[in-house]
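Notes follow once the structure below has been shown.
Small disclaimer: the values here were computed from a predicted structure and weren't measured.
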Amino acid sequence: KIQEGNGILSSTEPDQLNFNVYPNPSNTGIFTLSNSLSKEMNIEIYDISGRLVIPNKTSKTIDLSSFSKGIYFAKVISGNSSQTIKLVHE
């Protein structure tokens with residue numbers, strides 16, 4: 001989002017989420033999220049077809065062991081920011 005004021009352009013981007021997922025890929029289907037933010041995170045997990053398979057998760061551990069092996073996407077939401085990362089369950 002670009003704003004103009006007093007002849008100066010500035011960007012008002014939401015805070016970037018800094019988080020890591022490990023192990024990725026995972027043989028067990030269990031992933032751990034770590035982040036440098038102290039804010040709470042809400043996590044939604046989607047399968048490769050875009051279907052929501054785990055809604056509104058707040059734990060930093062994602063357990064896909066009961067799901068089929070494949071590619072999933074974790075959408076991490078914190079405050080006004082969100083970021084999506086690919087998870088590989090081998």
For [X], check side chain to side chain contact (heavy atoms under 4.5 Å, CB included) against everything at least two apart and list the hits.
{"X": "K75", "value": "E44, Y46, I77, S82, T84"}
{"X": "P25", "value": "V88, E90"}
{"X": "S59", "value": "K57, T61"}

Residues two or more places apart in sequence or in another chain: which of them pass side chain to side chain donor-acceptor pair (under 3.5 Å) with [X]?
{"X": "D47", "answer": "S49, R51"}
{"X": "Y72", "answer": "none"}
{"X": "D63", "answer": "S65"}

Distance in Å, [X] [atom1] paired with [Y] [atom2], rounded so as to fall on 0.5 Å steps:
{"X": "S26", "Y": "K69", "atom1": "OG", "atom2": "NZ", "value": "9.5 Å"}
{"X": "I43", "Y": "K60", "atom1": "CD1", "atom2": "NZ", "value": "8.5 Å"}
{"X": "I62", "Y": "T32", "atom1": "CD1", "atom2": "OG1", "value": "8.5 Å"}

Task: Pairwise side-chain contact, L33 with M41, heavy-atom cut-off 4.5 Å (strictly under) - done: yes
TODO: Provide the closest heavy-atom pair for P23 versus F31 in the form atom of the first, atom of the second, distance.
DONE: O-CD2, 3.1 Å
Open item on the list: Quick check: is F67 connected to I85 through a chain of hydrophobic side chains (ILVMFWY, heavy atoms under 4.5 Å apart)?
Closed with: yes
Task: Verify same cluster id: I54, L87 (apolar side-chain graph, 4.5 Å) - done: yes
Task: For L64, the option from I45, T28, I30 that meets side-chain contact (heavy atoms from CB on, under 4.5 Å) - done: I45
